[in-house]
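For this chain, numbers begin at 1 and follow the sequence in order.
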Amino acid sequence: MPVVLSDFRVDGSEAWLDELSCTATRWREGDIEPAVFAAFYFFHWQMATHRDAFASRRRKSDQRPMVWTTTLATMDGRALREQLLDCLDRYQFRGVIANVPVALGQWLRGVWRMELREDMPSPREVLRAQARGTRQITAITASPRLFEPVLNKRDAFAFFLHDVEHAFKFFYSPALYAGQWAFFAALEAALDRGVFTPYFDDPAFVEKFHYLIGDMNTHPQHGWQYLRAILIEFHLRAEGKASTAPLSMRAERAIDDAMYFIRGNF
């Protein structure tokens, strides 16, 4: 059964919601692959948000976007996947940075290990996935949650794009991917060993640590430096010192012990 794309606006209309819900059900039942559903989720929102201006051709010889959306409705299986890839590769999408269609395309090709889910993972769950070389993508499908803010993003689509952009940063460079994977694996091992347990009574530290493990995809050396910085901030707060004051020897040893454990597993 082909997947249908319509040009309903994102206004909570029953038709638009029914269409998205039907496609989501097919994914849950295994009728379409997660990457295929993610591509349709992207196209559904783009078309509903921007109507016929949702995409533009890179070359005049390419079909106009509204032509190939009709073509998609006649396809299934491998032909559908190939057509989705062609659309992602050959068109620009309004209001979306180029990293997003690149990441969705690599997911469709099976090159990048991405995991689709409908709920919000905790920072620890994001860390666990990245420690195994996978990036999770949240595609919320239930109304009215679709149209409500998700963390600091305006709605479910904005958060979906945010996740896909993070996936690009995680995977795009094989060397950086390997480094991030190893760094997150070392952080998970440290958490399992209780290395950071003494710090978790401090809300300021917890907030920044959760950002590190759940919302930071960068060079592992940057992650390393960020971790050391928030450990220093913690000990300065605990000692009642200004941010420019020197640490006590006890604090220095505690930080060195934590960083040594991570370095030994990194």
Side-chain angles (χ1 to χ4, degrees), residues 99 103 106-107 111-117 119-138 150-152 159 162-266:
N99 295 356
Q106 293 294 77
W107 191 1
V111 177
W112 291 356
R113 296 169 55 190
M114 296 155 74
E115 175 188 331
L116 188 65
R117 56 189 297 165
D119 62 336
M120 287 290 301
S122 68
R124 183 66 184 269
E125 288 175 314
V126 175
L127 173 65
R128 185 179 300 115
Q130 294 190 133
R132 286 154 182 76
T134 300
R135 193 57 169 80
Q136 296 178 324
I137 307 295
T138 293
V150 181
L151 298 183
N152 62 342
F159 192 82
H162 168 81
D163 266 355
V164 176
E165 289 168 16
H166 269 281
F168 179 89
K169 294 175 183 177
F170 189 48
F171 292 108
Y172 81 97
S173 164
L176 285 179
Y177 171 54
Q180 289 185 79
W181 184 348
F183 178 66
F184 289 126
L187 281 175
E188 184 184 41
L191 275 171
D192 290 343
R193 187 65 67 88
V195 169
F196 298 110
T197 300
Y199 299 91
F200 288 160
D201 288 334
D202 180 3
F205 176 85
V206 170
E207 180 181 0
K208 293 183 177 182
F209 186 77
H210 281 174
Y211 174 72
L212 171 65
I213 66 175
D215 202 30
M216 181 182 283
N217 289 105
T218 184
H219 194 287
Q221 190 60 38
H222 182 201
W224 173 272
Q225 292 169 350
Y226 177 86
L227 175 60
R228 183 171 182 81
I230 64 175
L231 288 170
I232 290 172
E233 290 175 354
F234 169 88
H235 285 284
L236 288 173
R237 284 193 302 271
E239 295 176 355
K241 294 180 177 179
S243 60
T244 56
L247 287 169
S248 66
M249 290 298 295
R250 179 181 179 183
E252 288 280 9
R253 284 195 299 271
I255 293 171
D256 287 345
D257 287 346
M259 301 303 286
Y260 179 80
F261 181 90
I262 295 169
R263 179 67 78 185
N265 288 275
F266 178 29

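- When atom types are taken as modelled, the side chain of Arg132 and the backbone of Arg128 share a donor-acceptor pair closer than 3.5 angstrom.
- The distance between the ring centers of Phe209 and Phe196 falls below 6.0 angstrom.
- Between Ile213 and Val126 the shortest side-chain heavy-atom distance does not fall below 4.5 Å.
- Residues Trp107 and Val164 are not in side-chain contact: their nearest non-hydrogen atoms beyond the backbone lie 4.5 Å or more apart.
- The one candidate from Arg237, Lys241, His235 that meets the side chain to side chain donor-acceptor pair (under 3.5 Å) condition with Glu239 is Lys241.
- Contact check on Asp192 versus Arg124 returns a salt bridge, with a Lys/Arg side-chain nitrogen under 4.0 Å from an Asp/Glu carboxylate oxygen.
- Of all heavy-atom pairs between Pro246 and Leu236, the closest is O-CD2, 4.3 Å.
- With Tyr177 as the fixed residue, the ring-ring contact (aromatic ring centres under 6.0 Å, His included) test singles out one of Phe171, Phe184, Tyr172, Phe183: Phe171.
- Side-chain contact between Asp163 and Arg135 is present, with at least one heavy-atom pair separated by less than 4.5 Å.
- In this structure a side-chain-to-backbone donor-acceptor pair under 3.5 Å is missing from Gln180 to Gly223.
- You'll find the side chain of Phe234 stays beyond 4.5 Å of the side chain of Ile255, heavy atoms only.
- Using a cutoff of 4.0 Å between basic side-chain nitrogens and carboxylate oxygens, Lys208 and Asp215 are not scored as salt-bridged.
- Below 30°, between 30° and 60°, or above 60°: for Phe200 and Phe205 the angle between ring planes is between 30° and 60°, a tilted geometry.
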